[in-house]
Each structure stands twice: as structure tokens, then as C-alpha cells.
Amino acid sequence: MRVFEIQGGFGMERLVAGERPDPRPGRGQILLRMKAASLNYRDLLTVTGKYNPKQPLPLIPCSDGVGEVIEVGEAVGRVAAGDRVATLFAQKWWSGRPEQEKLRSTLGGPYDGTLAEYMVLDENGVVPVPAHLTDAEAATLPCAALTAWSALVTLGEVRPGDTVLVQGTGGVSIFALQMATILGARVVVTSSKAEKLEKALALGAWAGINYVEEPEWGKKARQLTGGAGVDHVVEVGGAGTLEQSLKAVRIGGRISMIGVLSGGRAEIALTSVVMSYVRIQGLLVGSREGFEAMNRAIAQHELRPVVDRVFLFDETPEAFRYMAEGRHFGKVAIALG
Ligand SMILES: NC(=O)c1ccc[n+]([C@@H]2O[C@H](COP(=O)([O-])OP(=O)(O)OC[C@H]3O[C@@H](n4cnc5c(N)ncnc54)[C@H](OP(=O)(O)O)[C@@H]3O)[C@@H](O)[C@H]2O)c1
């Protein structure tokens with residue numbers, strides 16, 4: 001089968017087309033004909049060796065994909081041939097608390113990922129996807145969507161009438177905008193580009209702030225809420241944004257610590273966390289149980305993931321470059337089938 005894999009070292013130039021033997025499903029396993037994959041920032045870090053420099057190679061990158069079950073092994077009962085399913089980011093995290101073994105069972109490193117014509121997975125490592133979604137849309141759910149869901153719903157307790165601030169207009173943030181909106185919250189979006197803010201407003205955002213023109217965007221967000229502050233910040237910026245997030249958030253509010261796009265080590269005034277009763281909540285994607293709950297909401301609200309562009313399988317390196325340049329709004333997908 002055809003794959004894209006990282007071969008012989010890290011770097012964008014090492015992401016190349018390759019061939020692997022067609023996989024066969026064993027006991028408890030299923031064979032998927034892959035239809036589409038989607039990219040996450042983590043996949044860029046993996047290809048360039050910044051996510052895990054000790055990752056053995058070759059590796060098929062990408063955690064997210066959707067495929068059709070075309071064969072099932074012995075003793076498979078959860079899914080059947082013909083089902084359309086998405087991959088579970090952490091293959092062993094089905095429910096319950098996050099634990100080390102569950103969090104290490106991730107696709108696209110250390111396990112081979114979704115940029116392949118076929119995949120064999122444990123029957124427990126997939127989730128049926130909502131029928132109204134295209135393959136490319138469904139392929140965006142495993143990481144970015146579930147992360148936004150975990151931040152806002154599983155852990156975040158966002159309620160109608162809340163104000164949620166999302167940073168930038170990438171995959172996680174646009175899902176957070178869409179999900180916060182169906183939860184009845186109003187959403188403030190930050191972006192480096194005016195045209196992306198326009199798109200976010202068209203999607204239902206309540207306000208937009210250009211974080212390049214307004215370096216004090218946290219203060220600005222607080223002003224927008226009449227001085228009270230926002231209830232929840234979806235933090236994807238990390239070191240370069242946390243200080244402003246603390247200015248934006250209300251007393252007793254929450255910061256979901258998701259990404260570190262601008263750096264992973266921050267010097268922050270801990271007294272402002274203490275005095276303001278702020279909860280900073282780290283999280284890593286979510287469990288299958290969360291994925292299934294999210295899919296029910298997506299189906300009921302007919303939520304459509306925002307897919308900026310779908311690349312062909314052969315154009316995979318171009319898709320990675322497109323994302324690295326930050327040209328996308330929402331998600332970037334790759335058609336596989
Ligand atoms: N913890 C988890 O479970 C989890 C899951 C998924 C992702 N993540 C992390 O979350 C982050 C975002 O991932 P993603 O896949 O959504 O990325 P993405 O789609 O590539 O989004 C990148 C966007 O973030 C915005 N951005 C970049 N630097 C920023 C800054 N300093 N301040 C505000 N916005 C900034 C930009 O938006 P504009 O172009 O609009 O300015 C950029 O287009 C990454 O660090 C990723 O590793 C973590």
C-alpha cells in the first residue's frame with residue numbers, strides 16, 4: 001500500500017511517499033480503507049523532530065483520519081464491515097481518567113498514523129462518525145475537535161451566557177468557536193489577520209481582536225465584557241500569550257492550557273492566579289467516551305467542521321507547508337481514497 005512516511009531523519013524534506021505491505025486484521029482488529037486524513041500542528045512538530053526527537057523512524061505521521069471498515073478479524077463486535085469510522089487519537093483511552101499508558105498510545109507517533117491507503121486498528125480504537133459529514137470533515141474530529149470539546153464541555157463547564165475567548169483561527173480554536181456557540185456562550189476570537197477575523201465573525205463570533213495590532217488584547221477582551229473578564233480562555237499560544245490570558249479572564253475563570261505555539265516556558269505572576277481564583281487546566285485531547293458524546297452533539301446540531309482546503313494524497317508535503325505557513329482557517333485535510 002502507499003503511505004507517506006518520515007524516512008531517514010526529521011525535516012519537511014524527509015516526509016516522502018513510500019510503500020508498506022498491505023496490513024491484515026488479526027483477532028480483535030479491523031481493516032480500514034482510508035478515505036481522508038487531517039493535519040494538526042502536532043504533525044508538523046513530529047515531522048520536524050520537535051515533538052519527540054527520539055521517535056524511531058520510519059513513521060507514518062498524523063493521528064486523524066476516517067476510513068471504511070472493509071474487513072474484521074475474529075471476535076470483533078463493536079464495528080462491522082461497511083461502517084465509516086474515525087481514528088481515536090489515544091488508542092487505549094476508551095474512558096475514565098487519563099493515565100500514562102493511555103496517553104502514550106497515540107497515532108502519528110509512537111504508533112504509525114493515518115497517511116496510508118489502509119490501516120489495521122484494534123476495534124476499540126475507532127469511533128463511528130456522524131452521517132451528515134463528508135469524509136474530509138469527519139477526518140478533522142479525532143484531535144482538534146475532541147480537544148475543544150474536552151476543554152469546554154468535559155472539563156470546562158461552559159454555560160449559556162458565558163464568554164469564551166479563543167486564540168487564533170486554527171483547528172482547535174475554530175472548533176472551540178463552533179462548540180461554544182452551540183453551548184450558548186458568546187465568543188471572542190483573536191487573530192493576526194483581519195480577513196480571518198471577518199470569517200470568524202461570519203461563523204458566529206461575537207467580537208474579534210487583532211492580536212498583532214492590539215498587543216494588549218487581554219485588556220481589550222476584559223473591556224469588551226464591561227470590565228468583568230471572560231469566563232474561559234482556550235489557550236493555544238502558551239508562553240507568549242498566557243500573561244494576556246490572565247488579563248482577559250474573570251475572577252474564578254478558567255484557562256484551558258492546550259497549546260504552546262509561542263513557547264513552552266513562561267514567567268507569570270503567580271499572585272495574579274492566586275488572587276483571581278483562576279483555574280489553569282492542562283489537557284490532552286480526550287477519551288473515546290468524550291468523542292462519542294461530542295459526535296452526538298455534532299449530529300444533533302448538524303455542526304460542520306471548517307475545512308479550509310483538501311489536498312490530494314500526492315500533495316501531502318504541500319499540505320504540510322500550507323499549514324506551516326499559517327495560511328489556513330480551521331482545518332487542512334488530505335483525501336486518501
Ligand atoms: N493539548 C492538546 O490536546 C492539543 C490538541 C490539539 C492541539 N494542541 C496544540 O494547540 C496548538 C494549536 O493547534 P492547532 O492544530 O489548532 O494549530 P493550527 O491549526 O496550526 O493553528 C495555528 C493558528 O494559531 C494562531 N496562533 C499562532 N500563534 C499565535 C499566538 N502567538 N497567539 C494567538 N494565536 C496564535 C494562528 O491564528 P491566526 O492565523 O488567526 O493568527 C495560527 O493560524 C498547538 O500548539 C498544538 O500543539 C494541543
Side-chain angles (χ1 to χ4, degrees), residues 38-48 50-52 62-64 89-90 93 98 102-103 106-109 140-152 154-156 165-178 188-201 203 205 208-218 221 233-245 248 255-264 266 280-287 290-291 305-309 319-333:
S38 83
L39 303 188
N40 290 287
Y41 193 77
R42 169 180 181 265
D43 306 321
L44 279 179
L45 297 177
T46 300
V47 169
T48 52
K50 292 178 193 141
Y51 193 80
N52 176 12
C62 292
S63 56
D64 291 16
F89 177 82
W93 191 7
K102 297 173 181 173
L103 298 180
T106 51
L107 295 179
T140 66
L141 302 179
C143 177
L146 184 52
T147 301
W149 177 266
S150 298
L152 302 177
T154 314
L155 300 161
L165 182 141
V166 306
Q167 296 174 351
T169 57
V172 173
S173 299
I174 294 302
F175 271 121
L177 160 61
Q178 293 177 293
V188 180
V189 179
T190 69
S191 178
S192 56
K193 295 187 182 71
E195 63 274 17
K196 290 188 176 183
L197 286 175
E198 286 302 321
K199 283 190 188 173
L201 291 169
L203 259 183
I209 307 174
N210 187 316
Y211 64 80
V212 177
E213 288 167 10
E214 293 266 5
E216 289 285 317
W217 53 264
V233 176
V234 175
E235 175 71 59
V236 296
T241 48
L242 186 55
E243 193 181 340
Q244 286 302 311
S245 297
I255 297 176
S256 289
M257 183 55 68
I258 291 170
V260 291
L261 287 167
S262 61
I280 299 182
Q281 170 75 59
L283 68 115
L284 190 64
V285 190
S287 69
F291 199 158
V306 177
V307 179
D308 179 291
R309 204 168 146 185
F320 273 76
R321 280 194 295 277
Y322 183 78
M323 194 175 177
E325 288 161 11
R327 289 161 66 190
H328 61 296
F329 176 90
K331 297 295 299 178
V332 175

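These values consider heavy atoms only, across backbone and side chains, with no hydrogens, waters or symmetry-generated copies. Both counts, for ligands and for their atoms, begin at 1 and track the order of listing. Being a predicted model, the structure only gives us computed values, none of them experimental.
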>> Could you go through D43 and Y51, starting from their C-alpha distance and side-chain angles, then the distance that decides it, and tell me whether this counts as side chain to side chain donor-acceptor pair (under 3.5 Å)?
In response: CA-CA 8 Å; D43 306 321; Y51 193 80; over 6 Å; no
> Looking only at distance, does T241 have an N or O less than 3.5 Å from an N or O of ligand 1?
Replying inline: no
> Can you find a heavy atom in the side chain of F175 that is under 4.5 Å from one in the side chain of V306?
Replying inline: no
>> Looking at ligand 1, is there an atom of it that comes within less than 4.0 Å of some heavy atom belonging to A144?
In response: no
> Between G237 and ligand 1, does any nitrogen or oxygen pair lie at a separation below 3.5 Å?
Replying inline: no
> Between F89 and L146, is a side chain to side chain contact (heavy atoms under 4.5 Å, CB included) present by the stated rule, with each step listed?
Replying inline: CA-CA 9 Å; F89 177 82; L146 184 52; 5.8 Å; no
> Would you say atom 33 (C) of ligand 1 has a protein heavy atom nearer than 4.0 Å?
Replying inline: yes
>> Return the closest protein heavy atom for atom 42 (C) of ligand 1 as residue, atom name and distance.
In response: G170 N, 4.7 Å
>> Considering both backbone and side-chain atoms of L45, is one of its nitrogen or oxygen atoms within less than 3.5 Å of a nitrogen or oxygen in ligand 1?
In response: no
> Do the numbers put K196 on top of the ring of F329, so that NZ or CZ is under 6.0 Å from the six-membered ring centre and no more than 45° off the axis?
Replying inline: no
>> Distance check, rounded to the nearest 0.5 Å: E216 atom CD versus E243 atom CD?
In response: 7.5 Å
> Mind checking whether G171 has an N or O less than 3.5 Å away from an N or O of ligand 1?
Replying inline: yes
>> Please list, in number order, the atoms of ligand 1 under 4.0 Å from a heavy atom of V260.
In response: 45 (O)
> Is there side-chain contact between P305 and L141, with at least one heavy-atom pair below 4.5 Å?
Replying inline: yes
> Non-hydrogen atoms of K331 versus ligand 1: any pair closer than 4.0 Å?
Replying inline: no
> Does E235 reach the side chain of V260, with side-chain heavy atoms less than 4.5 Å apart?
Replying inline: no
> Would you say G326 and ligand 1 have an N/O pair spaced under 3.5 Å apart?
Replying inline: no
> Which of these, F329, Y41, Y211, has its nearest heavy atom closest to atom 47 (O) of ligand 1?
Replying inline: Y41
> Can you find a side-chain donor-acceptor pair between Q167 and S245 that sits under 3.5 Å?
Replying inline: yes
> Can you tell me if K331 and N40 form a side-chain donor-acceptor pair at under 3.5 Å?
Replying inline: yes
>> I'd like to check which ligand 1 atoms, numbered from 1 as shown, lie under 4.0 Å from a non-hydrogen atom of S191.
In response: 38 (P), 40 (O), 41 (O)
> Which one holds for T147 and ligand 1: side chain close, backbone close, both close, or neither close, with close meaning a heavy atom under 4.0 Å?
Replying inline: side chain
>> For V166 and T190: C-alpha separation, side-chain torsions, deciding distance, then whether side chain to side chain contact (heavy atoms under 4.5 Å, CB included) applies.
In response: CA-CA 7 Å; V166 306; T190 69; over 6 Å; no
>> Can you name the atoms of ligand 1, numbered from 1 with element, that are less than 4.0 Å from a heavy atom of C143?
In response: 5 (C), 6 (C)
>> Please report whether ligand 1 has a polar contact with K196, defined as an N or O pair separated by less than 3.5 Å (distance criterion only).
In response: yes
>> Could you work out, for atom 24 (O) of ligand 1, the closest of D64, N210, V285, L261 by heavy-atom distance?
In response: L261
>> Working note: F291 + V285, criterion side chain to side chain contact (heavy atoms under 4.5 Å, CB included); need CA distance, chi angles, decisive distance, verdict.
In response: CA-CA 9 Å; F291 199 158; V285 190; over 6 Å; no
>> For atom 11 (C) of ligand 1, which of the options V236, T140, V234, I174 provides the nearest non-hydrogen atom?
In response: V236
>> So, regarding S173 and ligand 1 (criterion: nitrogen or oxygen to nitrogen or oxygen, under 3.5 Å), is there a contact or not?
In response: no
> When only distance counts, is R42 in polar contact with ligand 1, meaning an N/O pair under 3.5 Å?
Replying inline: no
> Do any nitrogen or oxygen atoms of M257 come within less than 3.5 Å of a nitrogen or oxygen of ligand 1?
Replying inline: no
>> How far is atom 16 (O) of ligand 1 from the closest protein heavy atom, and which atom is that?
In response: V172 N, 2.9 Å
